[in-house]
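Below, read A as the first sequence line, B as the second, and so on, with proteins coming before strands; counting in each chain starts at 1. The basis for the numbers below is simple: all heavy atoms, side chains too, and nothing from hydrogens, waters or symmetry mates.
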Protein chains: 4
Amino acid sequence: MEKERRKEREFNLRRTEILDQAARIFAAKGFHSATVADIANASGFAIGTLYQFFESKEKLYAAVLTEKLGMMYAETQKAVEDEPELLKKIEVLVTSQFRFVENNTEFCSIFIRGDYLSLSEGSTELRERMIKDYAVYVSFVEGVMRKGIRAGVLKEMEPILMADALMGIINSYASKWLIAAEGQSLMVNVQPVVDIFLGGVRKNAH
Amino acid sequence: MEKERRKEREFNLRRTEILDQAARIFAAKGFHSATVADIANASGFAIGTLYQFFESKEKLYAAVLTEKLGMMYAETQKAVEDEPELLKKIEVLVTSQFRFVENNTEFCSIFIRGDYLSLSEGSTELRERMIKDYAVYVSFVEGVMRKGIRAGVLKEMEPILMADALMGIINSYASKWLIAAEGQSLMVNVQPVVDIFLGGVRKNAH
Amino acid sequence: MEKERRKEREFNLRRTEILDQAARIFAAKGFHSATVADIANASGFAIGTLYQFFESKEKLYAAVLTEKLGMMYAETQKAVEDEPELLKKIEVLVTSQFRFVENNTEFCSIFIRGDYLSLSEGSTELRERMIKDYAVYVSFVEGVMRKGIRAGVLKEMEPILMADALMGIINSYASKWLIAAEGQSLMVNVQPVVDIFLGGVRKNAH
Amino acid sequence: MEKERRKEREFNLRRTEILDQAARIFAAKGFHSATVADIANASGFAIGTLYQFFESKEKLYAAVLTEKLGMMYAETQKAVEDEPELLKKIEVLVTSQFRFVENNTEFCSIFIRGDYLSLSEGSTELRERMIKDYAVYVSFVEGVMRKGIRAGVLKEMEPILMADALMGIINSYASKWLIAAEGQSLMVNVQPVVDIFLGGVRKNAH
DNA sequence: GATGAATGAGGCTTCATTCAT
DNA sequence: TATGAATGAAGCCTCATTCAT
């Protein structure tokens, strides 16, 4: 039915609006200090209405995190897969992740705040979920490394160690950029990241 | 007076006991979910007693963070300065930081939780303080890099970029170790970190 | 809208119910000993509900005092203005104030307790407000006296001194009545007050 | 023994010092906001020491009130009794009470605050005591009036009504003076009080 | 006798969630 | 379906009193 489809579309629009505003508020105040009333207010709905979209404040928070994060993982994964050349894949990965951070400053600030784990004891659910999602993503990166090793362009070394190192460098640069919030684009850091990760910092003796 | 000195020693003992237990509880539950009663209970003091040592729950939290973190910074800095050889300094830095993490698992988990910033609006104080302390530490690392460049053992490159990359790799490995908490010592990762950081992951063509 | 008006009416009903019960509790126990839970209980609302009507215990207390007191001032002022004859005005004033005391025994007991000033340091607000309201009222009484002087029915004397004296006598009788709480109506004291105030207690020599 | 007498003298000195400081603090902050620590601090003794002089905060408060108030009652009574002339007795009474207020501003402010009754429910003791003391004092004043009536210098009227009126006027002037705290001496009000009380405010027709 | 650190009951207030309209 | 007033559990903190030194 036409009507049904419209309904669903509207439902999703509202849901997304709530998610966006929630991300903004959570980023600004942190999970505990942000109140459901704040979010209801910001998104223009009544408190009760929020509860028709999300079971609880915690579930809403979980949705904010996992859905947006999932987008980033998906985007990056797609971009990397679309790049045929192995070494270039790494550059694409860095670029894609930095772009996401630049386009989602507020959302990413949540991770700087990082209170995504100080939830009620019972709710290890989100914690587990995020750790698992991250693990899945890292093993994708690990796969990229493994292919590089097999192809002989990367050193013989545990690929997971490579993946973790790369993620660490990326996170470090992104965090610094989010905290400092200077005018310069995060993108200027793509080349340094790739250079250090691939070539290291030691000067080669001749 | 003799008496006074004993008093002060006891005072510090109690204070430390509270700090330790608080670190444990905060690590386990996060700032907001941990209650003052929890901490009082764990440390064996009455609630009111905590308030003779720390003005508020927030100040206690701040003390937990800044004091222990300061120790880590100091320890690492000392170890690095004691090492004369430039390239070895980097290895010592990694080793020292990993050792601290291994010896302070609970405390370091706080950073995995990372809710050290979602405090009451007014209390940007702790936030600023920690960011500054971290910045000071990073610029120490930056200094090490700069010397390496001048000595011709490290590439010509912004030393701050090197420092951030190294910190990122260290954090990444430490976080994974804290989350996974497998039996293996974090120390087995020292060599990989140094190898990747110094030599990169790309296989050198001959 | 009809609905809105009903809502507002209900809101005011609830608010008044809370104010009344709060007056009762505050009068019985004093500001500090009365607990918010007491008042919630007495008024049949949940604790949280009180906070939808009044920001804080202190504001509730302030509302109890200023709103009822305002009513008394207004009532008395109106009654006095409606009386044309100057000397009679004084009798009307005494009658009106005594009537209010009789009809609001519990509320007035608050002033016998009189802890309306021992609030948190910052809250000089209520203190100032009440002193000012009282001052305004006294200057109204002063105005009555001034007219009496101009009309030649009262002695040549600072009218403010007269007003203060009259208020003092009234308060004294009202307080005694509130403390003793005998069966006799406070109204039997109207004539003595007027007699003493107008004629004094000295026997005239001939 | 000499030693014992000195001890007792010292004890009383300390006790008085505490009472004085307590009066100051209670006057400034009110019973509930004043802490035992405040008083200990102000009087230069340790908290524990206060409890060797007074059983509890409440008893200390009671002592502050009843002892000083008793002094005022006694002083005034003495002064009035020393005055032979009946009508002059009234003037002496007003003068004496005003003098006490002027010399004990801080103490008297307690009554302006007036939270001497919002104590724990059980402690009706102080309340009763003060009401009784006041009643005793008023009946002394009543006695003066009665004598005046018998001697034919005061009108035929319930002497208690006269006494209450006089006390009311005195309190009213004293309160206003305490609140306003202008530079002018309270003594300038003696004559007006006496004039109004004895002669009333109505202009005598000839 | 003097001290003051330790105690812990109890107060005010917040805010996620429900449910009658 | 949308609303938002009502709810009440639970948290942080204060402060009178005790008691070991």
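Applying the salt bridge (charged side-chain N to carboxylate O under 4.0 Å, His left out) criterion to B:Glu17, with sequence neighbours excluded, gives no partner residue. Listed by chain and number, the residues in a salt bridge (charged side-chain N to carboxylate O under 4.0 Å, His left out) with D:Glu8 amount to none (sequence neighbours excluded). Listed by chain and residue number, nothing satisfies the salt bridge (charged side-chain N to carboxylate O under 4.0 Å, His left out) test with C:Arg24 (two or more places apart in sequence, or in another chain). Residues meeting the ring-ring contact (aromatic ring centres under 6.0 Å, His included) test with C:Phe45, sequence neighbours left out: none.
Here the P atom of nucleotide E:dT17 and the CD1 atom of A:Ile39 are 11 Å apart, to the nearest Å. The interatomic distance linking A:Tyr61 (OH) with E:dA16 (C1') rounds to 16 Å, in whole Å. The CZ atom of D:Phe26 sits 13 Å away from the C1' atom of F:dC15 (whole-angstrom rounding). The distance between atom CG of C:Asp38 and atom C1' of E:dT13, rounded to the nearest whole Å, is 16 Å. What separates OH of A:Tyr51 from P of F:dT1 is a distance of 18 Å, to the nearest Å. Rounding to whole angstrom units, NE2 of residue B:His32 and C1' of E:dC15 are separated by 12 Å. The distance from atom CZ of A:Phe54 to atom C1' of E:dT18 is 19 Å, rounded to the nearest whole Å. Spacing between atom NZ of B:Lys57 and atom C1' of F:dT14 amounts to 17 Å, rounded to whole angstrom units.
Using a cutoff of 4.0 Å between basic side-chain nitrogens and carboxylate oxygens, D:Arg15 and D:Glu10 are not scored as salt-bridged.
A ring-centre distance under 6.0 Å is not found for A:Phe26 and A:Phe107.
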Quiz prompt | Pairing pattern in dot-bracket form [Watson-Crick, G-U; both distances under 3.5 Å; | = partner strand] for DNA chain E | solution = .||||||||||||||||||||
Practice problem: Show the numbers, then the answer: is there a side chain to side chain contact (heavy atoms under 4.5 Å, CB included) between A:Ile110 and A:Tyr61? | Solution: CA-CA 10 Å; A:Ile110 292 180; A:Tyr61 189 62; 3.6 Å; yes
Exercise. Assess whether side chain to side chain contact (heavy atoms under 4.5 Å, CB included) is satisfied between C:Phe31 and D:His32, documenting all intermediate values.
Key: CA-CA 10 Å; C:Phe31 177 74; D:His32 277 96; over 6 Å; no
Self-check item: Sugar-phosphate or base contact per nucleotide [nucleotides 4-9 of chain F; S, B, -; heavy atom under 4.0 Å]
Solution: BSBBB-
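No donor-acceptor distance shorter than 3.5 angstrom exists from the side chain of C:Lys68 to the backbone of C:Ala23, with no hydrogens or angles considered.
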